[in-house]
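The structure appears below as structure tokens.
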Amino acid sequence: LRFHERVRTDFAANVQEAIVRILGHRANIRLNDLAWLHTSLINNMIADHALDISPRAIKAVYRQYRGPIHALRSFEIEIHGPHLMPNFGIVLEARTYSPELLYFRKSAQEILGRVTTSFPQGVRGFVPDITHISLGYVVHARGEQLKDVYETLEAMRRQALPIMVQARRT
């Protein structure tokens, strides 16, 4: 997704800029680097809503899910407007009607159900139940600012026309 200019500029960058304007300072939001724009098919939790993205954890995820990752073929994904998640994550909704992702999720869930992980201590793997692109997380905001963020994202979402992208690299 990071190579799709329209997703990066029309959606991702505009959303990040709008949130920074509302919250007033970059310290109030942890923005994801748009050079690494992606949708996660497998995650690893280390605490409440905290992901471990250390090289060691990423290698452990890859080793455990190598088979389904290599079997996953290219598929179409439709990128929709932004949304504020209950954990204060800011995401772009992504939808796919391709069976490729369904098969991948099923395989990954089966692995989770039968394998004791080789993750570092305290890390657990999971397959996200929604397809999305994380743009950042609100880390500090007053109530009225959160309401403004929510309303701004919902207005952007209503105005946005979906963008179809071919997911090729896993």
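Residues forming a side-chain hydrogen bond (donor to acceptor under 3.5 Å, both in side chains) with E76 (at least two apart in sequence, or on another chain): none. Not counting sequence neighbours, the partners of K147 by the salt bridge (charged side-chain N to carboxylate O under 4.0 Å, His left out) test are E151. A13 meets the side chain to side chain contact (heavy atoms under 4.5 Å, CB included) test with E17, L34; sequence neighbours excluded. Evaluation of the side-chain hydrogen bond (donor to acceptor under 3.5 Å, both in side chains) rule for S98 yields no partner, not counting sequence neighbours. The side chain to side chain contact (heavy atoms under 4.5 Å, CB included) search around L102 returns none, not counting sequence neighbours. Under the rule for a side chain to side chain contact (heavy atoms under 4.5 Å, CB included), the partners of T152 that lie at least two apart in sequence or sit in another chain are A18, I22, M156. When the side chain to side chain contact (heavy atoms under 4.5 Å, CB included) test is applied to V139, the partners found at least two apart in sequence or on another chain are R30. By the side-chain hydrogen bond (donor to acceptor under 3.5 Å, both in side chains) test, Q159 pairs with no residue at all, sequence neighbours left out. Annotation: side-chain hydrogen bond (donor to acceptor under 3.5 Å, both in side chains) contacts of E78 (sequence neighbours excluded): H80.
Across all their heavy atoms, L23 and Q145 have their closest contact at O-NE2, 3.5 Å. L84 and L146 get closest at one heavy-atom pair: CD2-O, 4.1 Å.
For residues 133-144, the salt bridge (Lys or Arg N to Asp or Glu O under 4.0 Å) pairs, not counting sequence neighbours, are R142-E144. Residues in residues 156-167 take part in these salt bridge (Lys or Arg N to Asp or Glu O under 4.0 Å) pairs, two or more places apart or across chains: E93-R157.
Here the side chain of Q16 pairs no donor or acceptor atom with the backbone of G136 at under 3.5 angstrom.
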